[in-house]
Structures are given as C-alpha cells and as structure tokens.
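Below is one structure; the comments refer to it alone.
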Amino acid sequence: MALIDHVKDPPAVIGYQLDNETKAYNTSGPNVQAAFVASMKAKWPSLDALNKAYGLDYWSNRINKWEDFPSVSGSINASLSNAFAAFQRSLVTDFLTWQARLVRAHARPGQFLTQNFDLAWRGYSYGIQPEVDHWKSAKPLDIAGIDIYHPSQDKLTGAEIAFGGDVSRSMRNGQNYLVLETEAQGFPHWTPYPGQLRLQAFSHLASGAQMVEYWHWATTANAVETYWRGLLSQDYKPNAVYAEASTVGADLKRIGPKLAGMTKRNQVAIYVSNAALSAFDSFKPDGGVDYNQVLRPFYDALYRINVEVDILSPDSTTKLDDYKLIVVPALYAASGAEIGRLNDFATRGGHLLYTFKSGFSDENTKVRYATQPGTIAEAAGVTYQQFTIPEGVTLDSDPFGVGEKDNMARWWMEMLTPTTAKVVARYRHPSWPASAAMTRNAWGKGEVSYIGFMPSEMLVEKIMAAEVKRAGVQPSLPGVRFPLIVKGGFLKNGRRVNYVFNYSATAQAVALPRGGTELLKSRTIPEGQSIRLAPWDVAIVEERGGSGSQHRD
Amino acid sequence: MALIDHVKDPPAVIGYQLDNETKAYNTSGPNVQAAFVASMKAKWPSLDALNKAYGLDYWSNRINKWEDFPSVSGSINASLSNAFAAFQRSLVTDFLTWQARLVRAHARPGQFLTQNFDLAWRGYSYGIQPEVDHWKSAKPLDIAGIDIYHPSQDKLTGAEIAFGGDVSRSMRNGQNYLVLETEAQGFPHWTPYPGQLRLQAFSHLASGAQMVEYWHWATTANAVETYWRGLLSQDYKPNAVYAEASTVGADLKRIGPKLAGMTKRNQVAIYVSNAALSAFDSFKPDGGVDYNQVLRPFYDALYRINVEVDILSPDSTTKLDDYKLIVVPALYAASGAEIGRLNDFATRGGHLLYTFKSGFSDENTKVRYATQPGTIAEAAGVTYQQFTIPEGVTLDSDPFGVGEKDNMARWWMEMLTPTTAKVVARYRHPSWPASAAMTRNAWGKGEVSYIGFMPSEMLVEKIMAAEVKRAGVQPSLPGVRFPLIVKGGFLKNGRRVNYVFNYSATAQAVALPRGGTELLKSRTIPEGQSIRLAPWDVAIVEERGGSGSQHRD
Amino acid sequence: MALIDHVKDPPAVIGYQLDNETKAYNTSGPNVQAAFVASMKAKWPSLDALNKAYGLDYWSNRINKWEDFPSVSGSINASLSNAFAAFQRSLVTDFLTWQARLVRAHARPGQFLTQNFDLAWRGYSYGIQPEVDHWKSAKPLDIAGIDIYHPSQDKLTGAEIAFGGDVSRSMRNGQNYLVLETEAQGFPHWTPYPGQLRLQAFSHLASGAQMVEYWHWATTANAVETYWRGLLSQDYKPNAVYAEASTVGADLKRIGPKLAGMTKRNQVAIYVSNAALSAFDSFKPDGGVDYNQVLRPFYDALYRINVEVDILSPDSTTKLDDYKLIVVPALYAASGAEIGRLNDFATRGGHLLYTFKSGFSDENTKVRYATQPGTIAEAAGVTYQQFTIPEGVTLDSDPFGVGEKDNMARWWMEMLTPTTAKVVARYRHPSWPASAAMTRNAWGKGEVSYIGFMPSEMLVEKIMAAEVKRAGVQPSLPGVRFPLIVKGGFLKNGRRVNYVFNYSATAQAVALPRGGTELLKSRTIPEGQSIRLAPWDVAIVEERGGSGSQHRD
C-alpha cells in the first residue's frame with residue numbers, strides 16, 4: 001500500500017481504479033485446486049452428496065476420497081466444471097474485495113473506488129462476462145466502471161453502448177457508472193466516421209455514464225497495441241477525431257452539470273445468470289450457439305423498439321416488483337427457489353417471459369427428473385418431452401406477421417404441450433406434429449409466457465413488442481424504431497430528458513410526443529415539431545414541466 | 001474373472017459383450033514401441049530387408065540397428081507408419097481373443113460371446129473401421145455385434161443401417177449379428193420423425209440383425225452424454241419415441257419368430273482392405289478425400305438401386321465364386337498374390353470391377369516399379385503413366401446419359417491406355433488428350449472393368465447399374481430405386497421375405513413382382529397389386545411357395 | 001571436408017550446391033538466445049538505448065539487466081521480435097559464408113559454388129523469403145541458385161517463374177543464375193498440359209537462367225514425396241513429360257550456346273526489404289494481408305503489361321540511377337537514411353512510387369513520431385493522420401477507367417492531404433470526406449508518387465502502366481498484355497533476343513515491332529509479320545542487327 005500512500009495526496013487524485021479486466025484466466029494450478037476442493041468440502045455434507053448431485057457415478061467419474069479429487073480441467077462432467085467455474089468467479093470477487101479493503105484503508109476520505117469490468121468479448125464487447133460475478137464484485141466499490149468496445153462505421157448501432165451501460169448501472173442497482181475505457185480511433189477498421197465519436201459519447205451519457213474515458217490519449221509507437229489507436233496518433237498532434245472529441249468536451253463543460261446525475265426508472269428487466277450461462281454453454285445447441293447469443297437478440301430487440309431495460313441477476317438486490325415485465329432468456333440452470341422467486345413476481349401481477357431451455361437443470365447443472373420445463377411447468381402451464389434442432393420449421397400462419405423469410409425457428413425447438421396455457425404460436429413442418437411453439441398462461445394476478453424456440457431476429461422484435469404492450473410498458477418513443485433511438489431519464493431538476501440518436505448515414509426527422517429544450521443547440525422544440533438529425537447526429541431534449549408520461553407509477 | 005463367476009448364473013444372463021468400441025486409440029508408448037519392434041524383427045529376415053521394403057534409405061530414414069528403431073509417430077514414411085497401424089490393429093485382435101478365452105473359460109455353457117464393434121466415424125457411423133481388423137477380431141466370438149448411429153429426420157436414408165449390417169454380417173461370413181447399440185432419440189438433431197424409429201428397426205432386421213438394442217434406456221442427467229438421449233428422457237416417463245418403440249416390440253413378439261434366422265444369398269460383393277485404407281489415406285488426393293469416401297459412393301449406389309451386397313476383406317473365408325460381381329474400390333496397397341486371387345475369380349467367369357489407384361502399391365505401401373496399374377494391368381488390359389486431379393473434366397459424349405451436371409470426373413483421373421481392353425468412356429477436356437477413362441477387358445471366362453477416375457454420384461450409380469446388368473445380377477426390386485428400398489432373404493421356412501421401405505416423407509406405392517403375405521398387417525398381397533406405404537413406412541412381404549426368382553443358381 | 005576431397009576430382013563434378021533451402025526454421029534454443037543477446041549488446045550502446053528504441057517501457061516489458069533478457073518467442077513487442085528475426089537471418093548468412101569458405105578451400109580450381117535458395121511458400125513459390133537475406137547470403141557464391149515451384153495447368157501464368165528469376169538474377173546484381181529445382185510432373189494437380197513443360201523451361205531461360213534442373217529424375221516409391229513426381233514415374237520408363245523434356249534438351253543442344261549468357265538492361269526496379277516485410281507482417285491489415293500479398297500484385301501487374309524488372313534490396317549494390325522507375329511497395333520499416341537514398345534518386349531525375357504504409361516505422365519497427373508518411377512526406381508532398389480499412393470505397397470518377405467492379409480500394413486506406421503534391425485520385429464513400437487517394441509530386445528533377453491504398457488488381461495494372469509511361473519506359477511488347485508475354489535481353493553477339501510466350505490454351509498471333517530469326521524453328525520473321533503461337537507455345541526471335549530500341553540509354 002506504499003503506492004496509495006505515495007499518490008493519495010495530490011488533489012487531482014479523486015479516486016482509484018482497483019484493477020483492469022480482472023478475471024481468473026482459467027487459473028487451475030495446485031493451490032487453486034486445493035482451494036477448490038476445500039470449497040467443495042465446505043459446500044457439501046459428504047462426498048456421497050457431491051457424487052450424487054454431480055452425477056459422478058456415471059461413466060466411472062465417482063470420487064471416493066477427498067484426496068482423490070481430480071483436476072477438473074477437461075472434465076466431461078459439466079456439473080463439476082461449472083462448480084469450478086463458479087469457484088473461479090469467487091476468486092475474482094475475493095481478490096477485489098481484498099484490494100478494496102486495502103486501498104480504502106489508505107485512501108483519503110472522499111476518494112472513490114472503482115474497477116474496470118469488461119464484458120464477454122467477441123471481437124468487441126458482446127455479452128454477460130462469464131468469468132466474473134459482476135453484482136458480487138461490484139459490492140466493495142463506490143461506483144461501477146466498465147470498458148465498452150464496439151463495432152463502428154456502418155456497423156455502429158449503439159446496442160453495445162446501451163447493453164454495457166445497462167449492465168454497469170444495474171450492477172449497483174441503478175447507480176450511475178463510469179466508462180473507464182472506450183475506443184477513440186480504435187482498430188483501423190473502427191476509425192469513426194465524422195460524427196460518430198460524438199454520437200457515441202452522448203450514447204454513454206444517455207445510459208447513465210458519469211464519465212467517458214478513451215483508451216488511450218496517444219497511440220504507442222511499439223508493441224502489440226500499435227494499431228489500437230487513442231485520441232491522438234503517434235504524432236501527438238490534433239486530428240479529426242481529437243477535434244470531434246473537443247466539441248464533446250466543450251458541450252459537457254456547458255451542459256454537463258445539468259445532465260449529470262440522471263436517474264432512470266425502467267419498467268422492463270432482463271434476468272441473467274452466470275450459473276445458467278456456464279451450464280448452457282456446456283451444451284451449446286446447433287453447433288455452438290452460446291448463452292450470450294440467445295440473450296443479446298432479446299436485449300437488442302428491446303433496444304431497437306426503444307424500450308430501455310435494467311439487468312437483473314440472482315445477486316441483484318433490486319425489487320422485482322419495480323418492473324412490469326421481466327424477460328428470462330435461457331435460464332438453463334437454476335434452483336427451484338430461484339425460479340420460484342421469478343414465478344412469484346408473476347403471481348403478484350408481473351409479466352414474466354421465459355425462453356426455451358429455462359428450468360431444464362437445477363443449480364448443479366443436473367437435468368431435472370421432473371417433467372420439463374421443471375419448476376416453470378406449472379406457472380407457465382406447459383410441458384414438453386421432445387425437442388430437436390429445427391430445420392425449415394416455421395410458425396403456423398405467421399402469427400407475428402413478419403413474412404416468410406423471417407417466420408422461422410432456429411437453433412432449438414421444444415415441442416410444447418399446454419396444460420393450462422393458451423397457445424400463442426404453433427410450429428409448422430411437413431414431418432413434425434403441430435405442437436405449440438409459444439404459450440401464455442394466467443398465473444396469479446399476472447401472466448407467464450414461454451417461448452419454446454429461438455425466434456429469428458425480426459420475430460424476437462415482434463414478440464417483444466407484443467409482450468411490452470401486454471405489460472402496459474410505454475417505449476421511450478412509441479412506434480419508432482432503430483435507427484432512431486431515444487434513451488433518457490430524469491434530471492436532478494425532476495424533468496425528463498430524452499437523448500435522441502440517429503444511428504444511420506441518412507438524415508432523419510423525428511417528432512417527440514412532448515416538446516422541450518434541445519440542450520446542445522439551446523433551441524426550443526415546440527410540442528409536435530420534428531427534430532431534424534444529420535447522419536450520426538444526436539439531440540438532447542429536456543422536457544418542460546415535471547415528470548412526464550414515462551414515469552413508472 | 002470374478003466378474004463372470006459372479007454374474008453367469010442368473011438365467012437372464014444369456015451372453016457377454018466383451019468390450020465396447022475397442023481400438024488402439026493410437027497407443028504408442030514404450031511397451032507398444034518395443035512390441036512393435038519385436039514384431040518387425042519377426043516379420044523381416046533382416047533390417048536390410050526392412051529398409052529396402054519401406055524405402056528408408058530415402059531422406060536419411062535408414063535404420064542401421066534394431067536398437068535405433070525410431071518411434072513412428074509423425075513418421076514421413078507411410079510404409080513404416082502403416083506397418084505400425086497394422087500392428088496396432090493386431091493389438092485389438094489379440095486383446096479380444098484373450099478376453100474371449102478368459103470369459104469362455106468361466107461362462108455357463110450356452111452363453112454367447114459378442115463384441116460391440118463400430119465403424120469409422122464422421123459425425124455418424126460412416127465407413128470401414130481403420131483401427132480394427134473386423135474379420136480377425138470377430139473370429140473368437142459366437143456372434144458379431146455392432147453399433148450403428150446415423151443421420152435422421154430428412155437425412156435418414158437407411159444407407160448406414162444397410163452398410164453397418166452388411167459389414168457385421170460379413171465379418172463372420174454371412175452369419176447374422178446383433179445391433180448392440182443404435183439411436184433412440186440420439187442427438188437433438190436426430191430426434192426421429194414419427195415413423196422413423198419403426199422404419200429403422202425393421203431396416204436392421206432386413207439386413208440380418210437378430211436384435212436391436214437402443215443406447216440407452218433413459219437419458220443421464222449429468223455429464224457429456226446429457227444430450228445423447230435414450231428411449232426415455234430424464235423424466236423416466238413414456239414419450240412419443242418410447243411409444244413407437246413399443247409397437248416394434250409388439251410386432252416382434254408376434255412375427256419375430258418367423259423373421260428370425262433369415263439368410264441372404266447376395267450375388268454382389270464389395271472388397272475392402274484395411275491395408276489399402278491406411279495406404280490410401282496416407283496420400284489423400286484432392287485435399288483430403290479418404291478411402292471411405294471412395295468406398296461409400298460405390299456401396300451407396302448399389303444400395304440405391306436395390307442391389308444387396310456382402311463385404312469381403314483379405315481375411316474373409318467366403319468363396320469368391322459365390323458372387324457374380326465383385327467391386328474393388330481403391331485397393332491401393334495389396335500384394336501380388338492378393339490381386340492375383342481377385343483376377344483369378346474373373347478368369348473363372350466372374351465380373352470384377354477395379355477403381356483408380358488399385359494396385360498402385362504393394363502390401364508395404366511401396367509404389368510398384370512396374371507399369372501401372374501393376375498386377376492389375378494385364379487382367380484389366382490397360383496401363384497408365386499419367387494422372388492428375390481433374391478440373392472441368394467430363395466424359396466424352398455422356399456415355400452413361402446422366403446429363404451435363406453429373407457427367408463429371410472428380411478427385412482423381414488416370415489417363416488410361418488400353419492394351420487389350422475396350423474403351424467404355426473417354427475423358428473430354430480442352431487441354432488433355434482424349435485418353436480412356438473406363439475400360440472393360442475379357443479375361444478368361446469373365447471380365448475385368450477398370451475405372452480410372454472418381455465418377456460423380458449419379459455416374460457411379462449408372463456405372464454400377466450397367467455392371468450389375470452385365471453380370472446377370474437381379475436387383476431385389478428391378479427398376480425401382482431409392483427412396484423405395486427392398487431388402488430381404490430367405491426365412492427358415494425356405495420362403496423369400498421382402499422388407500419394403502419408404503425412405504421419404506411422401507407416400508409411395510410399389511408393385512412387387514410376386515405377391516405374398518404382408519406380415520405386419522397380416523394382409524394378402526395379390527401378385528401385381530401395389531403396396532401403399534405411408535411416409536417413412538415399412539411392409540414385410542413373405543412370398544408364397546418355395547424359393548423365388550431371387551435365388552442364386 | 002572429407003566429402004569435398006572425395007568428390008572433387010571427377011571431371012563431371014563442375015561445382016557445388018552448398019545446401020538446400022537453408023533457413024533458421026525458428027531456431028531459438030539457449031545457444032541461439034545467448035548469441036542474440038550478445039548481438040544486442042554489440043548493437044546497442046546500453047540497455048537504456050535498446051529499451052527506448054524498442055519501446056519496452058510500455059506494458060512492463062522493460063529489460064533492466066542483460067541477464068534478464070527474455071526469450072522473444074511469443075513477444076508482444078514487434079521491435080524485439082523483428083530484431084530477433086534479423087538475427088536469425090544473419091545465422092543463415094554466417095552459415096553459408098562459413099560453408100563456402102570450407103568448400104572453396106578444398107574444391108578444384110574452376111569448380112563453382114552455388115546454393116539452392118527458395119522463396120516464401122504459399123502452396124507454391126510466392127514471394128520474398130522472410131527468413132533469408134538473399135543479397136547477403138549470395139555474396140560468398142559464384143552463382144546464385146533457386147528452386148521455383150508454381151501452379152500449373154490452367155493456373156500457369158509464368159509470373160512465379162519470372163519473379164523467382166528476377167529475384168535470383170538480382171541477388172548478384174544482374175548475374176545470371178541456376179534453376180536448381182523446378183517441377184517436372186510435381187503434385188498430381190500440377191501435371192503439366194502438353195506444351196507447358198517446354199513453355200516453362202524457356203520461360204526460365206528468358207529470365208536469365210543458365211540451367212534448368214528438375215526435382216527429380218524419377219519419383220520415389222516410398223515416403224512423403226511419393227506424389228512429388230519427377231521426370232519419370234516409379235516405372236522408370238519414358239512418358240509424355242519426359243518426351244517433352246527431351247525436345248527441350250534437343251533444342252538447347254542446338255541453340256543453347258547462342259542463348260547462354262544473355263544480359264538484361266531493365267529500366268524498372270522493385271524495391272523490397274526483409275526488415276519492412278517482418279515489420280509489416282507484425283501488423284497485418286484486414287485480417288491477415290501480408291507484405292508479399294502487397295508486393296506481388298505490383299510485380300504481377302508489370303509482368304502482365306510486359307515490363308521486365310530487377311529487384312532491389314537495401315543490400316543491393318546496383319546503382320539506383322540505372323533505372324527510370326523504382327516501385328517501393330509497403331516499405332513499412334526503414335531508416336531515414338534508407339528512405340533518403342530513395343528520395344535522392346528522384347531528386348536526380350528518377351521516378352519513384354511509394355505505396356501506403358511506407359515510411360511508417362523506423363528501422364526498429366518503431367512508429368515515427370513525425371507526421372506520416374515520415375521521411376517520405378516532404379518528397380511525396382503529402383501527409384496523412386487517419387487511415388482505416390476501406391469498405392465500399394471507390395475512386396472518385398474512376399480515374400483509371402477500370403469500370404465499377406475494379407474501381408475499388410481494398411485492405412488499407414490512408415486519407416491523404418497533399419502539401420505540394422497533385423491529387424491523382426480521390427476516395428469516394430458516403431461517410432468519408434473526399435480525401436486524396438493517390439498523389440504525384442515533382443521532386444528535384446524527378447517525381448515521387450504515393451498510393452495511399454491497395455488498389456484492385458486491375459487498378460494496380462492501370463496505375464503501373466501510367467507510371468511506366470510517365471517514366472519513359474518502353475515495355476518489351478508495347479500495348480500487348482498477358483497471356484502474351486515477351487521477355488528477353490541481349491545475346492553475347494550484341495543482338496536483342498525476344499522470347500515470346502503464349503500462356504493460354506488458345507492459339508494466338510502476335511506481331512513483333514522488329515522482325516528477326518525465330519530460333520526454335522529456324523525461320524525468318526519479316527518485320528511486321530505476325531508469329532502464330534499454338535496453345536502454351538513459345539517462339540524465340542533474335543533481332544537482326546545491333547542493339548535494338550529496348551536499350552537503356
């Protein structure tokens with residue numbers, strides 16, 4: 001802690017980032033193995049209990065003595081390897097908690113602690129991070145931090161900025177967050193078009209970012225990040241990107257104080273789980289589809305129809321009843337208690353949507369011996385015994401009106417039999433019986449929907465639009481979809497602020513339901529008058545008067 | 001043998017499966033290496049003889065002392081690595097022979113011994129197993145056993161069931177066999193359409209299976225086979241697949257005793273060789289085409305035109321003269337004696353068809369210094385010196401009438417020069433001379449055909465149809481091809497039984513040349529009356545009277 | 001040297017090939033590491049200097065003590081790994097120099113020394129060899145040698161024969177060379193069409209080869225090269241390829257003495273650099289484009305328009321002023337002095353063409369802190385700060401008239417700002433500003449062109465045709481392009497000889513500007529009369545009278 005003692009005093013030091021992209025990086029050496037076995041000893045009353053829960057009798061995997069506990073690297077048993085994955089995630093939580101304690105003990109009062117978390121990577125920041133329990137690891141911090149890297153040029157959609165922001169804001173139950181790194185020039189193929197850097201910066205703010213930092217100031221002249229370009233190139237001279245960043249700085253100097261501290265009151269949440277992710281990804285369907293590839297289409301569909309969401313996890317302390325609709329994709333492994341908590345939300349009046357594979361396994365990645373979908377079956381009013389990978393399977397009569405090309409099931413197909421549920425959609429195929437594909441069930445004061453397949457992208461969007469409507473949720477800009485995106489919240493002055501984005505190379509005009517003051521250009525927008533947006537443009541409109549129609553009641 | 005002593009007495013124990021999918025799994029540790037070197041010492045009179053036979057002087061591979069014998073892992077010399085492959089196969093034979101001796105010494109009289117063999121895998125059971133000499137390994141058994149896993153849904157053709165069955169039946173020279181494992185629900189993408197499980201079961205029987213066992217009863221809830229689904233899912237409750245399997249059980253209870261013990265009298269054989277396979281696969285043409293990829297199109301073509309075959313190997317004890325036509329694909333490595341035995345079959349009146357690359361190397365994977373195709377050249381009345389990979393090479397004047405798209409040579413192209421043979425087909429290409437592509441030669445009382453290239457799928461079918469006709473072989477249902485498949489044989493009562501299969505999602509009608517009794521529905525089929533088959537349907541027709549026209553004379 | 005003493009005396013021994021395809025093969029064991037560190041100690045005044053030059057402070061790569069010098073295998077620092085690559089190349093130079101000294105000390109006077117060099121491999125001989133400094137390694141020889149293996153059949157273009165020949169001839173500053181290996185039958189898919197072997201042999205001669213040897217005489221019957229076929233197959237009998245080779249032998253016996261010792265006087269050179277190659281390939285753009293993939297399209301374009309070239313390297317002793325035009329592709333890493341030498345060539349009246357990425361890094365693969373393109377900026381009269389990977393980027397108004405499909409930038413795109421240069425082409429794209437794509441700058445008595453992007457194949461050809469014309473260079477057959485290729489030089493009798501090749505399966509006619517004697521068929525070609533060439537045919541025309549119009553003045 002000599003480091004903290006050395007740097008804490010200058011007034012420019014306002015806080016500490018504990019570490020960068022901390023992960024277990026698959027550490028599995030002897031000390032980690034020993035600690036894992038100790039954790040298993042603590043978790044299970046006996047080896048017999050463990051053997052049974054993890055199904056180790058099968059294929060001669062039984063462990064007869066704690067001393068014989070094998071390395072789980074390359075295990076064929078997902079129950080065991082997912083227990084190890086959970087243990088590895090706990091190492092990250094423990095490490096950051098320990099570091100936070102040390103730094104806090106030496107820091108000046110008022111200095112904050114943050115950490116640079118990152119998302120699952122897929123050439124860019126893509127999904128839920130499988131190696132870190134973000135909700136647990138964010139607890140010892142004062143404010144969450146994240147890096148978000150995303151496609152650019154014609155592939156810039158803002159979806160990753162929104163997703164990463166929603167994850168970060170949700171980690172600490174709605175508290176705003178810091179973008180500790182994002183791209184300035186980035187990879188050569190990410191060099192932003194004129195306007196995009198500005199669009200990106202305000203997109204972060206619209207999700208609740210209190211700061212946007214670029215990685216990095218100037219590009220290094222050697223080594224592996226030579227082409228990971230910062231605001232400046234190796235010439236250390238102003239350039240087009242730097243100039244655009246300067247306009248953001250000027251704007252924030254002027255209107256930043258007003259924008260800071262915005263709060264959101266979202267009515268829709270998406271429920272994610274690292275246990276489900278590890279379990280799902282142990283048995284990827286259709287040649288490699290993973291959990292995040294199921295999650296993101298649901299997230300992205302809501303993003304495209306201008307419905308902002310929070311992200312819930314088993315470790316969230318947010319009240320479920322704060323939401324009108326909770327979407328639960330691929331909750332493949334979960335305890336009965338965890339599912340019961342979700343079902344109870346519906347009982348009390350909430351709308352709950354499960355997708356295929358949810359409830360299939362218990363919390364130990366053991367498939368339930370019960371009729372599927374296990375603990376969900378009664379609440380959803382549906383069961384199934386057969387499933388397959390759909391080939392040429394459509395929905396009968398195109399119930400969501402998406403047209404032939406999009407009316408497709410992909411990746412997975414459960415052949416549903418409603419018990420008490422109503423059928424929303426049926427499969428159509430020359431050789432399969434016309435079993436149910438999606439159902440809806442009244443459950444207590446609420447309702448539970450179940451989707452037995454992975455819909456095409458456009459189908460997901462239409463399904464989500466229908467669910468959102470049923471749940472009485474109003475989008476931030478009803479009836480308008482991507483590339484026009486509206487995100488926002490409530491300013492410290494109590495007024496609604498709408499960030500309006502044009503994620504396209506074509507100029508657009510959009511009419512907001514209520515007028516207000518456009519803050520970037522300091523102009524008044526009369527009610528019903530269209531705002532014109534240049535390609536990759538942004539407007540920020542502060543509504544007049546108090547809280548608007550977007551309020552959660 | 002405590003195990004056998006423990007389990008042998010209950011009357012339900014009727015036999016033993018020695019082991020499961022036994023293979024060398026590339027074992028090559030110090031003890032295996034020592035045993036291999038010992039086997040080389042035994043095989044060769046001197047190191048000089050070995051160095052010469054394997055061409056080890058080249059590229060400094062010469063072995064000067066037995067103590068210097070190198071590991072052959074990663075050897076650049078296929079003669080050496082194929083000798084090692086043969087040695088590894090001998091380990092399997094030795095192991096099973098040893099196990100059989102032990103079990104037999106402890107088993108009750110009347111209990112049988114079998115073994116679960118498997119085929120070369122390619123996402124499913126595909127071809128000749130390179131790691132086991134099935135004919136040798138099956139000798140110590142009482143009955144052969146096999147597992148057969150195959151594509152399903154729209155990809156179900158029955159070809160793998162027939163191929164695996166023909167291999168198993170041929171291992172013990174025509175004796176029927178056990179299907180010790182096959183899929184019930186299998187992989188998620190193999191979930192069978194309604195009717196398919198039934199179709200599959202009777203397809204096994206029609207090839208000579210005396211039993212069909214599913215892997216496995218109920219699906220496990222943990223570990224790597226969680227999605228390898230048995231008859232039951234993890235809920236242990238009856239389901240659609242189980243219900244369909246039950247109908248098969250009921251049918252077999254009723255008509256099984258009549259069907260059991262069927263014998264086949266096939267007039268066509270395909271000749272395969274593990275030595276040729278290893279050698280061929282050491283020098284795969286056209287970026288990776290392997291031996292089984294040459295073999296299967298010839299097998300499959302016969303299957304599609306309803307010609308049932310036996311499989312011969314260098315270790316078969318079946319008499320060649322039992323056949324009218326022997327097809328020899330890619331017999332890349334074989335001794336002069338082995339080829340002589342085949343040529344002599346033609347001398348005595350048989351029809352013999354060799355494909356490209358046959359005869360190229362001797363039994364030690366040493367290319368013959370003789371004019372190619374080596375020991376075949378005289379019998380086939382053809383030689384060649386040049387070969388290449390064909391690009392845009394067709395057969396002149398489309399001699400088999402398959403149309404432009406299918407009239408193609410692929411993978412390999414030998415430029416044949418007939419000596420005494422007649423030209424059946426010539427190549428056509430802007431830059432290559434019009435050398436012969438396929439020839440036919442009168443040889444003794446029979447004839448020898450030679451195909452210098454790999455024909456397209458449809459070309460193979462037409463070529464085989466022509467050869468079958470020339471050889472005077474009658475298909476099980478002349479003039480009818482896939483998806484209508486007829487397989488069968490002679491019941492214990494001496495009558496011909498025809499299993500008629502519809503391998504398609506479309507209903508079909510088919511007229512058998514002779515009527516009979518359809519056993520599944522116990523109905524009479526008058527001569528000349530069509531049988532109607534639902535999608536994926538099967539009928540079993542016992543002909544009236546004694547042996548029919550299908551008999552070999 | 002017992003070997004040399006043993007073989008030197010027979011008169012058939014006329015020289016020695018030192019070694020075959022000598023390379024470092026990534027040797028990096030302890031002794032190599034020790035020698036590398038010693039070389040670093042010798043090169044750098046201090047570790048501080050090295051740390052600074054290689055940017056090792058970044059990402060904690062700093063080396064604090066020579067004893068701590070890490071292995072550079074897997075280094076993330078390209079400055080360090082490229083220094084190691086250069087060291088590995090020096091091992092090859094040292095080894096061959098040492099071997100040459102030893103052999104020379106024992107050889108008979110008059111016996112020559114050569115070495116079999118090879119090119120970068122890409123399924124065939126493709127580009128500059130990254131692992132050998134050919135110019136340095138060829139110094140201790142008496143004559144350069146090379147092996148050239150190239151696509152055949154419809155993919156035979158002669159480009160690899162020309163490229164390999166130009167590299168070999170240039171290694172020793174214009175001295176002719178030996179083709180120590182090339183394909184006879186080669187891979188199965190390289191079996192030559194009738195005529196091609198002959199075409200190939202004379203193509204080597206036309207580039208300056210004094211000998212063409214085939215690898216190999218007869219094909220081996222075992223081991224990895226069983227399908228790497230020589231002139232004869234394993235049957236050791238004459239065949240079609242052998243017969244064709246025999247005609248070449250007969251021709252050479254007759255006219256070889258006249259053809260031998262031809263000299264070239266090329267007016268265009270391409271400048272290559274192994275330091276630039278290593279550096280460029282450390283940061284391959286667009287998912288893996290490498291240095292040779294940039295170099296070859298420029299080389300090939302000149303080849304297709306019948307402009308013969310020499311190859312220059314930083315180690316060449318050839319005078320730059322011997323050329324009218326020097327093309328410099330992707331000179332990514334080079335010292336200021338090296339670039340200065342090139343710029344000075346333009347100052348004195350030469351035409352100089354740089355492509356994108358040239359000048360970006362210094363000789364230590366450290367990006368210049370200067371405005372890009374660094375030391376080139378002033379001479380080229382252009383700067384840039386931004387670059388990206390182009391997607392759908394065309395050249396405004398199709399300045400080279402190649403049509404929509406070919407008017408494309410690929411792989412890399414620098415957004416150029418001319419300072420003193422004229423704009424030759426501008427980018428066109430919906431979202432990018434219309435910055436310059438190619439510029440041309442008067443510099444001293446000459447001019448410097450700069451291409452900021454990788455043009456499509458056809459664009460490269462048109463750009464090169466324009467540069468060639470501007471530089472006053474006359475092609476060997478003006479206005480005629482591939483598949484008609486003319487290469488040649490000046491015979492010992494002082495007359496120009498033109499080898500005329502038809503690289504196509506279609507007969508061609510071509511009129512040479514001056515008549516002469518066609519040597520192969522000993523016929524007179526009157527001025528202006530067309531020569532008819534069969535598919536894959538060659539003619540050799542000796543011009544009448546003294547040196548022709550092709551002379552460099």
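The sequence lines fix the lettering, A, B, ..., with proteins before strands; numbering per chain opens at 1.
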Exercise. Please report the C-alpha distance between C:Q234 and B:R368 in whole Å, then the side-chain angles of each, then the deciding distance to 0.1 Å, and finally whether the side chain to side chain contact (heavy atoms under 4.5 Å, CB included) criterion is met.
Key: CA-CA 7 Å; C:Q234 291 90 351; B:R368 291 192 156 82; over 6 Å; no
Self-check item: B:A279 portion near chain C, given a 4.5 angstrom heavy-atom threshold
Solution: neither
Quiz prompt | Modelled atom types, side-chain donor and acceptor of C:N239 and B:Q386, under 3.5 Å | solution = no
Exercise. Quick one: do B:I389 and C:W190 satisfy side chain to side chain contact (heavy atoms under 4.5 Å, CB included)? Show the steps, please.
Key: CA-CA 8 Å; B:I389 312 295; C:W190 284 0; over 6 Å; no
Quiz item: What do you reckon, is OH of C:Y214 surrounded by more than 12 foreign heavy atoms closer than 6.0 Å?
Solution: yes
Quiz item: Which heavy atom of B:S431 sits nearest a heavy atom of C:P194, and at what distance?
Solution: O-CD, 3.4 Å
Practice problem: Look at the aromatic rings of B:Y369 and C:Y236 and report parallel, tilted or perpendicular, splitting at 30° and 60°. | Solution: perpendicular
Practice problem: Answer with side chain, backbone, both or neither: which region of C:Q153 has an atom nearer than 4.5 Å to a non-hydrogen atom of chain B? | Solution: side chain
Quiz item: Do the ring planes of B:W432 and C:Y193 sit parallel (below 30°), tilted (30 to 60°) or perpendicular (above 60°)?
Solution: perpendicular
Quiz prompt | Flag if over 12 foreign heavy atoms under 6.0 Å of NZ, C:K237 | solution = yes
Practice problem: Taking atom types as modelled, find out whether C:D235 and B:T371 have a side-chain donor-acceptor pair closer than 3.5 angstrom. | Solution: no
Quiz item: Of all heavy-atom pairs between C:N222 and B:N364, which one has the smallest distance, and what is that distance?
Solution: ND2-O, 4.4 Å
Quiz prompt | C:W121 CH2: over 12 foreign heavy atoms closer than 6.0 Å | solution = yes
Self-check item: NZ (B:K52) with more than 12 external heavy atoms under 6.0 Å
Solution: no
Quiz item: Taking atom CD of C:E225 and atom CG of B:N77, what is their separation to the nearest 0.5 Å?
Solution: 12.5 Å
Practice problem: Apply side chain to side chain contact (heavy atoms under 4.5 Å, CB included) to the pair B:K284 and C:Y227, showing each step before the final yes or no. | Solution: CA-CA 10 Å; B:K284 293 177 188 168; C:Y227 282 90; over 6 Å; no
Quiz item: In this structure, are over 12 heavy atoms from other groups packed under 6.0 Å from B:R62 atom CZ?
Solution: yes
Quiz item: What part of B:T365 gets closer than 4.5 Å to chain C, counting heavy atoms only: side chain, backbone, both or neither?
Solution: backbone
Self-check item: Over 12 foreign heavy atoms within 6.0 Å of CD, C:E457
Solution: no
Exercise. Between chain C and each of B:Q372, B:H429, B:E391, count heavy-atom pairs under 4.5 Å; write down the option with the most.
Key: B:H429
Quiz item: What do you reckon, is CD of C:E518 surrounded by more than 12 foreign heavy atoms closer than 6.0 Å?
Solution: yes
Self-check item: Between CE on residue B:M413 and OG1 on residue C:T191, distance to nearest 0.5 Å
Solution: 9.0 Å
